[in-house]
Amino acid sequence: MLPKHSRYHTVDAAHACPRFAHYIDSGKTLGPSWLLKGKFPMPVETFKPVVTRFAPSPTGYLHIGGARTALFNWLFARGRGGKFLLRIEDTDRARSTPEATQAILQGMAWLGLDHDGDVISQFDGAERHAAVAHELLAAGKAYKCYSTQDEIQAFRDAAKAEGKSTLFHSPWRDVAAKDQPDTPFVIRIKAPQDGTTIIKDEVQGDVTISNDQLDDMVLLRSDGTPVYMLAVVVDDHDMGVTHVIRGDDHLNNAARQMTIYNAMGWDVPVWAHIPLIFGGDGKKLSKRHGATGAEEYQVMGYPASGMRNYLTRLGWSHGNDEFFTDAQAKEWFDLKGIGKSPARFDFKKLESLCGQHIAQTDDAALVKEITAFLDASGQPALSDAQSNGILNGMYCLKERAKTFPDLLEKAIFVLSKRPIVPNEKAAKNLDSVSRGILSELTPLLSAVSWDRDSLEAALNAFCKAKGTKFGKLAGPLRAALAGRAVTPSVFDMMLVLEQEESLARLTQATVDTAATKTTVSRLTAL
RNA sequence: GGCCCGUUCGUCUAUCGGUUAGGACAUCUGGUUUUCAACCAGGAAAGAGGGGUUCAACUCCCCUACGGGCUGCCA
């Protein structure tokens with residue numbers, strides 16, 4: 001039995017448009033790693049590199065669903081030594097904007113989805129697309145249709161009224177050239193009228209469409225411009241795309257597109273139509289579910305690695321593996337593991353995964369990511385001192401944060417300078433009794449050797465002498481050191497802050513009446 | 001209307017005819033603890049409904065319900 005990868009068709013340089021020539025690999029053969037290890041007695045030469053693409057239309061930001069589609073294509077290509085191409089489907093001139101293209105590029109850059117070669121503008125290929133339409137026309141596989149849009153609309157209305165199929169059947173399909181009028185026309189393909197078309201889909205299985213469901217779709221508009229359905233096929237072919245991984249809203253379109261592939265005698269790519277992402281209520285993900293744009297997640301401070309992990313796992317599985325690295329994702333990702341039903345977006349799980357990724361990311365890399373996050377979300381940058389401080393304290397910060405804002409909140413103790421102004425909750429821990437206790441503790445700490453064991457010993461001894469539990473002391477210490485009630489461990493804070501700064505903060509908390517005054521006034525106001 | 005696709009715990013999913021239907025997130029309980037978190041232990045929680053096929057069905061087939069998609073000179 002042959003592994004199914006043997007179906008990967010070859011990149012035919014002869015058919016390729018010059019504009020994509022640089023994509024064509026010169027006979028270099030690659031295969032999945034398991035294959036190269038000789039698990040199967042197949043000659044490696046029969047395998048050609050995988051080529052995938054992401055083809056968004058630039059009509060808005062990068063939708064999170066689109067980002068996942070891009071991710072799947074990226075993972076599939078990268079895991080197999082293949083290429084991942086990016087093509088902007090901008091044939092709809094009215095709706096396409098350069099800003100949207102920028103937003104898409106930016107989103108992909110954030111997610112780390114690097115593509116091979118230049119960004120292709122589909123519109124730039126209009127001449128080539130039109131040439132294919134005329135080739136089909138010359139070959140008698142397409143025809144000029146002179147029906148006006150009004151006529152077509154009337155046809156559809158009538159069909160609908162009779163409860164019949166609204167598929168338009170042009171009266172011009174078989175009209176001889178001499179009988180054709182001198183009026184505007186579109187070029188339509190001659191779709192097969194009987195039999196069936198089978199879409200061999202790696203996700204959906206074999207989907208059989210009766211050919212009488214296929215209409216003679218328009219290839220070239222009356223103004224001579226190509227239509228999307230033609231442009232995708234020509235571009236995918238010219239770019240040597242071997243695997244088309246896209247949303248399942250295109251599943252039916254695949255049958256239509258196959259008529260073009262067949263008419264041109266081109267190899268049909270491997271199809272993989274993936275289910276769309278839904279919101280928590282099971283409806284199509286939209287604005288009312290919260291963020292739908294990739295960059296919104298960046299601004300909210302989710303790490304890209306966690307985002308990739310979550311999006312990969314959403315609708316795809318590899319046994320019971322939930323948390324994985326990029327390297328593992330590339331190695332494990334396959335089309336067979338993609339589910340057939342739409343998945344709902346779950347922020348809780350996203351956060352959980354992001355927390356795990358933050359925890360296992362290298363400290364210095366995290367500081368870089370945080371810097372980028374601050375920039376992307378329009379917040380002031382970290383000073384050198386802050387950046388160093390956060391790096392020093394990272395070991396006790398990254399274990400407990402799910403997002404960057406979360407981490408930054410926990411890092412307040414190291415980001416702030418004296419005087420430490422406690423927030424409301426922390427202020428409650430700095431009443432006069434607590435300040436009295438702190439003022440007794442501070443001199444003791446100035447004599448202690450500044451390491452974890454000595455600190456723990458000193459504080460425990462102090463509590464014992466005072467007859468209180470450590471818990472009672474922790475609140476005031478947090479308030480004094482960080483001005484917060486929620487912080488990392490007090491020992492970690494003291495170690496990161498070092499002795500001098502720690503003692504200064506404790507001293508300030510015991511003597512600073514300004515802070516106390518605001519506290520008192522707040523409390524009495526309640 | 002026609003055609004196509006989907007339906008396992010609240011959510012993401014495992015299962016590829018024989019399992020006490022497993023894991024993760026969330027949730028609940030207990031433990032530990034220095035608050036939150038983290039961590040440990042445990043609990044509750046699922047095959048849309050109905051027919052078949054089979055010794056045996058979550059798994060294969062059909063019907064229904066519900067959800068989604070396509071049906072453009074949009075992509």
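No hydrogens, no waters, no symmetry mates; every other heavy atom, side chains included, goes into these values. So that the names make sense, note that chain A is the first sequence line, chain B the second, and so on, each numbered from 1. No experiment lies behind these values; they were computed from the predicted model shown.
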Enquirer: So what does His250(A) hit on the nucleic acid, given a heavy-atom distance under 4.0 Å: a base, only sugar-phosphate, or nothing?
Expert: base
Enquirer: Could you measure between the two C1' atoms, the one in U20(B) and the one in A46(B), and give it in whole Å?
Expert: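 Pairwise C1' distance, U20(B) against A46(B), rounds to 15 Å.
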Enquirer: Give a yes/no on whether any side-chain N or O of Arg156(A) is located under 4.0 angstrom from OP1 or OP2 of G72(B).
Expert: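 Yes, such a contact exists.
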Enquirer: On the side chain of Arg344(A), is there an atom forming a donor-acceptor pair with the base of U11(B) - under 3.5 Å, no angle test?
Expert: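 Flag unset: no donor-acceptor pair detected.
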Enquirer: Using the P atoms only, state how far A24(B) lies from A14(B), rounded to an integer number of Å.
Expert: 15 Å
Enquirer: With rounding to whole Å, what would you report as the distance between G43(B) and C9(B) at their C1' atoms?
Expert: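 My reading of the C1' atoms in G43(B) and C9(B) gives 14 Å.
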Enquirer: Under 6.0 Å between ring centres: does that hold for Phe54(A) and Phe84(A)?
Expert: no
Enquirer: Please report the distance separating the C1' of G49(B) from the corresponding atom of G67(B), rounded so that it comes out in whole Å.
Expert: 15 Å
Enquirer: Which part of the nucleic acid, if any, lies within reach of Ala343(A) when heavy atoms closer than 4.0 Å are counted: base, sugar-phosphate only, or nothing?
Expert: sugar-phosphate
Enquirer: Between A65(B) and G51(B), how far is it from one C1' atom to the other, in whole Å?
Expert: 14 Å
Enquirer: Is there a donor N/O on one and an acceptor N/O on the other, under 3.5 Å, for the side chain of Lys349(A) and the base of A24(B)?
Expert: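 Looking at the base of A24(B), it does pair with a donor or acceptor on the side chain of Lys349(A) (distance under 3.5 Å).
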Enquirer: On RNA chain B, compare the nucleotides closest to Lys164(A) and Asn252(A); which residue's is nearer the 5' end?
Expert: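 Comparing both residues, the 5'-ward one is Lys164(A).
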Enquirer: Given that both distances must come in under 3.5 Å, which nucleotide forms a Watson-Crick or G-U wobble pair with C36(B)?
Expert: none
Enquirer: Within the structure shown, what part of the strands sits under 4.0 Å from Gly247(A) by heavy-atom distance: base, sugar-phosphate, or nothing?
Expert: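 Touches nothing.
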Enquirer: May I ask you to decide if the ring planes of Phe347(A) and Tyr302(A) are parallel, tilted or perpendicular, using 30° and 60° as cut-offs?
Expert: tilted
Enquirer: Taking the six-membered ring for Trp, are Tyr297(A) and Tyr61(A) ring centroids under 6.0 Å apart?
Expert: no
Enquirer: Which part of the nucleic acid, if any, lies within contact of Pro488(A), taking any heavy atom under 4.0 Å across all strands shown: a base, the sugar-phosphate backbone alone, or nothing?
Expert: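 Contact class for Pro488(A): base.
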Enquirer: Please tell me if Arg221(A) has a side-chain N or O lying less than 4.0 Å from either OP1 or OP2 of C74(B).
Expert: yes
Enquirer: Going by atom types alone, do Asp212(A) and Ser210(A) pair a side-chain donor with an acceptor below 3.5 Å?
Expert: yes
Enquirer: Could you check which of U34(B), C73(B), G68(B) has an atom nearest any side-chain atom of Val218(A)?
Expert: C73(B)
Enquirer: Is it the case that G2(B) (base atoms only) and Gln213(A) (side chain only) share a donor and an acceptor within less than 3.5 Å, ignoring hydrogens and angles?
Expert: no
Enquirer: Could a donor-acceptor pair under 3.5 angstrom be found where the side chain of Asp248(A) meets the base of G69(B)?
Expert: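 A donor-acceptor contact between them is absent.
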Enquirer: Counting only distance, no hydrogens or angles, is the base of C36(B) paired donor-acceptor with the side chain of Arg400(A) under 3.5 Å?
Expert: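 It does, because a donor-acceptor pair links the side chain of Arg400(A) to the base of C36(B) below 3.5 Å.
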Enquirer: Map Arg68(A) and Leu276(A) onto RNA chain B by nearest heavy atom, then report which one ends up closer to the 5' terminus.
Expert: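 First, find each residue's nearest nucleotide; the 5'-ward one identifies Arg68(A).
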Enquirer: State which of A75(B), U71(B), C25(B) makes the closest approach to the side chain of Ser352(A).
Expert: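 For Ser352(A), the side-chain atoms sit closest to C25(B).
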Enquirer: Describe the nucleic acid contact of Thr59(A) in one word from base, sugar-phosphate, nothing, applying a heavy-atom distance below 4.0 Å.
Expert: nothing
Enquirer: Base, sugar-phosphate, or nothing for Gln149(A), non-hydrogen atoms under 4.0 angstrom?
Expert: base
Enquirer: Suppose you measure atom P in A56(B) against the same atom in U19(B); what distance do you get, rounded to whole Å?
Expert: 13 Å
Enquirer: Under a 3.5 Å cut-off for both contacts, is C3(B) paired Watson-Crick or G-U wobble with anything, and if yes, with which nucleotide?
Expert: G69(B)
Enquirer: Val486(A) has a side chain; which of U35(B), C4(B), G67(B) sits nearest to it?
Expert: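 Nearest nucleotide to the side chain: U35(B).
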Enquirer: Within the structure shown, what part of the strands sits under 4.0 Å from Ser489(A) by heavy-atom distance: base, sugar-phosphate, or nothing?
Expert: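 Base, at least one base atom sits under 4.0 Å.
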Enquirer: Looking across every strand, which nucleic acid part, if any, lies under 4.0 Å from Ser147(A) by heavy atom: base, sugar-phosphate, or nothing?
Expert: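 Base, at least one base heavy atom under 4.0 Å.
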Enquirer: Using atom P of each nucleotide, how far apart are A26(B) and C40(B) to the nearest Å?
Expert: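 A26(B) and C40(B) have their P atoms separated by 13 Å.
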Enquirer: Is any side-chain nitrogen or oxygen of Lys402(A) closer than 4.0 Å to OP1 or OP2 of C36(B)?
Expert: no
Enquirer: Is there a donor N/O on one and an acceptor N/O on the other, under 3.5 Å, for the side chain of Ser222(A) and the base of C73(B)?
Expert: yes
Enquirer: Val186(A) near the nucleic acid: base, sugar-phosphate alone, or nothing, with a heavy-atom cut-off under 4.0 Å?
Expert: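 Since a base atom lies under 4.0 Å of Val186(A), the category is base.
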Enquirer: Can you tell me, in whole Å, how much space there is between the C1' of A21(B) and that of U8(B)?
Expert: 8 Å
Enquirer: Is any N or O donor-acceptor pair between the side chain of Arg95(A) and the base of C74(B) shorter than 3.5 Å?
Expert: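 Pair found.
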Enquirer: Between the side-chain atoms of Thr166(A) and the base atoms of U71(B), is any donor-acceptor pair under 3.5 Å?
Expert: no
Enquirer: Indicate yes or no: at least one non-hydrogen side-chain atom of Ile199(A) is less than 4.5 angstrom from one of Val268(A).
Expert: no
Enquirer: Is Asn253(A) touching bases, backbone alone, or none of the nucleic acid, heavy atoms closer than 4.0 Å?
Expert: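 Here Asn253(A) touches the bases of the nucleic acid.
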Enquirer: Within the 4.0 Å heavy-atom criterion, would you say Lys160(A) contacts the bases, only the backbone, or no part of the nucleic acid?
Expert: nothing
Enquirer: So what does Gly471(A) hit on the nucleic acid, given a heavy-atom distance under 4.0 Å: a base, only sugar-phosphate, or nothing?
Expert: sugar-phosphate
Enquirer: Within the 4.0 Å heavy-atom criterion, would you say Ser96(A) contacts the bases, only the backbone, or no part of the nucleic acid?
Expert: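 Contact class for Ser96(A): none.
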Enquirer: May I ask you to verify if any side-chain N or O of Arg313(A) is less than 4.0 angstrom from the OP1 or OP2 atom of A24(B)?
Expert: no
Enquirer: What's Met229(A) touching, base or sugar-phosphate or nothing? Going by heavy atoms closer than 4.0 Å.
Expert: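 Counting heavy atoms under 4.0 Å across all strands, the contact made by Met229(A) includes a base.
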Enquirer: Under a 3.5 Å threshold, yes or no: a donor from one side chain and an acceptor from the other, between His243(A) and Asn73(A)?
Expert: no
Enquirer: Counting side-chain heavy atoms from CB outward, which of U71(B), A75(B), G10(B) is closest to Asp346(A)?
Expert: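 Selected nucleotide (nearest to the side chain): G10(B).
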